[in-house]
Chemist: 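Starting off with a structure, shown below.
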Amino acid sequence: MGAVKSKRMPRAVREQQMLDAAVQTFGQRGYMAASMDEIAELAGVSKPLVYLYLNSKEDLFIACIRREAKALVEAVRAGARPVLPADRQLWAGLTAFFTHTARHPDGWAVLHLQARTHGEVFAAEVAAMRADIVTFVTELILAAAREALPQALGCSPKLSTSLEQGGPPRAGGTPTDPHLPGGEVAGLAEALVGAAEALADWANSTPGVTARQASATLMNFAWAGLGDLMAGRPWSPPDGEGPDTGSGADMEDAGAGAVVHAGRTSPAR
């Protein structure tokens, strides 16, 4: 009897095995320390086959970045269902983000630690992914502002809809976004994404922290402040103090003439 031939594995499946092994190796050992021999052994293939499929170590790393970035963005967008209110969308999106980074710590290490520190080509790949998430968060903040519009203007949802379709805007804003200028929205989204990235690192390195706990931490940190901002109650420094002025003593003096309202400081009137 002739020898039984083993079933040949499809190229796409074999390539995913290589990427799995590469993500694990890059994530745990770092880009510089990882070797193609180690990746091939972990994938159960020969090193020449890895080169045949993925050309070089650099190309392999880029393929890992793109795969992990795509999976993360898809997880966040799938988690934040559009039918939910804006705050629930953000909560669901954050929970999906922290769940994904916790379940794929090596992939997160590749994206957040390795890719950003080993060359502009790799960093650019991660920057593109991050821009997608920042855009998504920006959309959620603007959606929240639209939801807050009736309360902020003291009008009915019907009137709010009329304003969104071309009615007169309030000073300093737009019909659909009365309290959040475009530049401020962009800054808020960047800050929120940056906080989520830092919190994911902390959660993954702190035993016992769940995705739900990490999400609640960030919501408590960020959303309460966003709620005040969208309701027309932004925090502002005391009169006469810009971002680059005022010493500790000055702050003490200013404090004597300031009134604190639910965590917000404003000049006494």
Side-chain angles (χ1 to χ4, degrees), residues 6 8-77 79 94-134 190-211 213-215 217-218:
S6 60
R8 186 176 181 181
M9 185 175 294
R11 179 187 177 105
V13 176
R14 179 72 76 188
E15 187 171 312
Q16 289 306 309
Q17 285 187 340
M18 295 179 189
L19 290 176
D20 289 341
V23 167
Q24 180 178 333
T25 306
F26 288 136
Q28 295 180 9
R29 293 181 55 78
Y31 176 71
M32 298 302 295
S35 71
M36 296 294 274
D37 288 299
E38 186 177 7
I39 292 169
E41 182 178 357
L42 187 59
V45 300
S46 66
K47 186 168 72 170
L49 189 62
V50 178
Y51 280 110
L52 177 64
Y53 276 38
L54 294 153
N55 302 320
S56 66
K57 183 179 178 180
E58 179 177 305
D59 287 341
L60 174 58
F61 192 49
I62 290 175
C64 291
I65 295 170
R66 289 175 177 172
R67 189 187 75 164
E68 297 305 306
K70 182 174 183 290
L72 178 57
V73 171
E74 288 179 350
V76 172
R77 286 190 172 273
L94 287 174
T95 303
F97 173 82
F98 289 118
T99 298
H100 186 88
T101 54
R103 289 177 178 173
H104 305 277
D106 294 332
W108 178 241
V110 165
L111 293 175
H112 191 58
L113 299 177
Q114 298 301 319
R116 293 182 172 189
T117 58
H118 288 96
E120 293 183 6
V121 173
F122 304 144
E125 294 286 344
V126 176
M129 173 212 70
R130 194 177 189 278
D132 284 344
I133 294 179
V134 169
E190 286 282 353
L192 194 58
V193 171
E197 292 170 340
L199 201 57
D201 284 346
W202 171 78
N204 281 0
S205 62
T206 305
V209 177
T210 66
Q213 288 170 333
S215 301
T217 297
L218 190 51

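All figures in this text were calculated on a predicted structure; none of them were measured in a lab. All values below were derived from every heavy atom in this structure, side-chain atoms included, with hydrogens, water molecules and symmetry-related copies excluded.
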Chemist: Compare every heavy atom of Ala200 with every heavy atom of Phe97, then report the nearest pair and how far apart it is.
Modeler: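 Result for this residue pair: CE2-CB, 3.8 Å.
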
Chemist: Look up atom CD1 in Ile39 and atom CG in Leu19, then write down how far apart they are to the nearest 0.5 Å.
Modeler: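 It comes to 9.5 Å.
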
Chemist: Any side-chain heavy-atom pair from Thr25 and Met36 closer than 4.5 angstrom?
Modeler: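 No, every pair of side-chain atoms sits at 4.5 Å or beyond.
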
Chemist: Determine whether a donor-acceptor pair (N or O, by modelled atom type, separation under 3.5 Å) exists between the side chain of Thr206 and the backbone of Ala203.
Modeler: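 Answer holds: no.
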
Chemist: Closest heavy-atom contact between Ala22 and Cys64?
Modeler: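 For Ala22 versus Cys64, the nearest heavy atoms are CB-SG, 3.5 Å.
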
Chemist: With heavy-atom distances below 4.5 Å as the criterion, would you say the side chains of His104 and Val23 are in contact?
Modeler: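 The answer is no; the side chains never approach within 4.5 Å.
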
Chemist: Identify the two heavy atoms, one from Met129 and one from Leu111, that lie closest to each other, and give their separation to 0.1 Å.
Modeler: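 It is SD-CD1, 3.9 Å.
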
Chemist: Out of curiosity, Asp37 CG to Leu42 CG, how far, rounded to the nearest 0.5 Å?
Modeler: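 Reported to 0.5 Å precision, the distance equals 12.5 Å.
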
Chemist: Under 6.0 Å from the six-membered ring centre of Phe26 and within 45° of its axis: does the NZ or CZ of Lys57 meet both?
Modeler: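 No, cation not above the ring by the 6.0 Å, 45° rule.
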
Chemist: If you compare all heavy atoms of Gly27 against all heavy atoms of Ala109, which two are closest, and at what distance to 0.1 Å?
Modeler: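 So the two residues come closest at O-CB, 3.7 Å.
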
Chemist: Heavy-atom distance under 4.5 Å between the side chains of Leu218 and Leu192, does that happen here?
Modeler: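 In short, these two side chains touch, coming nearer than 4.5 Å.
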
Chemist: Is it the case that more than 12 heavy atoms not belonging to Gln17 sit under 6.0 Å from its CD atom?
Modeler: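 Yes, enclosed.
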
Chemist: In the structure I gave you, are the side-chain heavy atoms of Gln213 and Phe98 within less than 4.5 Å of one another anywhere?
Modeler: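 Of all side-chain heavy-atom pairs linking Phe98 with Gln213, none is under 4.5 Å.
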
Chemist: Under a 4.0 Å N-O cut-off, is there an ion pair linking Arg116 with Glu197?
Modeler: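 Counted as a salt bridge, because a side-chain N and a carboxylate O are separated by less than 4.0 Å.
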
Chemist: Measure the CD-CG distance between Glu15 and Leu49 for me, rounded to the nearest 0.5 Å.
Modeler: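 Spacing of CD (Glu15) from CG (Leu49) equals 10.0 Å.
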
Chemist: Quick one: closest heavy-atom pair of Leu54 and Ala63, and the distance?
Modeler: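 Minimum heavy-atom separation between Leu54 and Ala63: CD2-CB, 4.2 Å.
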
Chemist: Could you check if a side-chain atom of His100 sits within less than 4.5 angstrom of a side-chain atom of Val76, using non-hydrogen atoms only?
Modeler: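 His100 vs Val76: side chains apart.
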
Chemist: Considering only heavy atoms from C-beta outward, does the side chain of Asn204 approach that of Val209 to under 4.5 Å?
Modeler: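 Sidechains of Val209 and Asn204: no contact.
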
Chemist: Which atom pair, heavy atoms only, marks the closest approach of Tyr31 to Gln114?
Modeler: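 Closest approach of Tyr31 to Gln114, heavy atoms only: N-OE1, 3.0 Å.
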
Chemist: Say whether, by atom type as modelled, one donor and one acceptor occur between the side chain of His112 and the main chain of Trp108 under 3.5 angstrom.
Modeler: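 Here the side-chain-to-backbone pair does not exist.
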
Chemist: In terms of side-chain geometry, is the basic nitrogen of Asp132 or Lys70 positioned less than 4.0 Å from the acidic oxygen of its partner?
Modeler: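 No, no charged N to carboxylate O under 4.0 Å.
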
Chemist: Would you compute the distance between atom OG of Ser56 and atom CD1 of Ile62 and round it to the nearest 0.5 angstrom?
Modeler: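 Separation between the atoms: 7.5 Å.
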
Chemist: About how many Å separate CG of Leu52 and CZ of Arg11, when rounded to the nearest 0.5 Å?
Modeler: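 Here the rounded value is 6.0 Å.
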
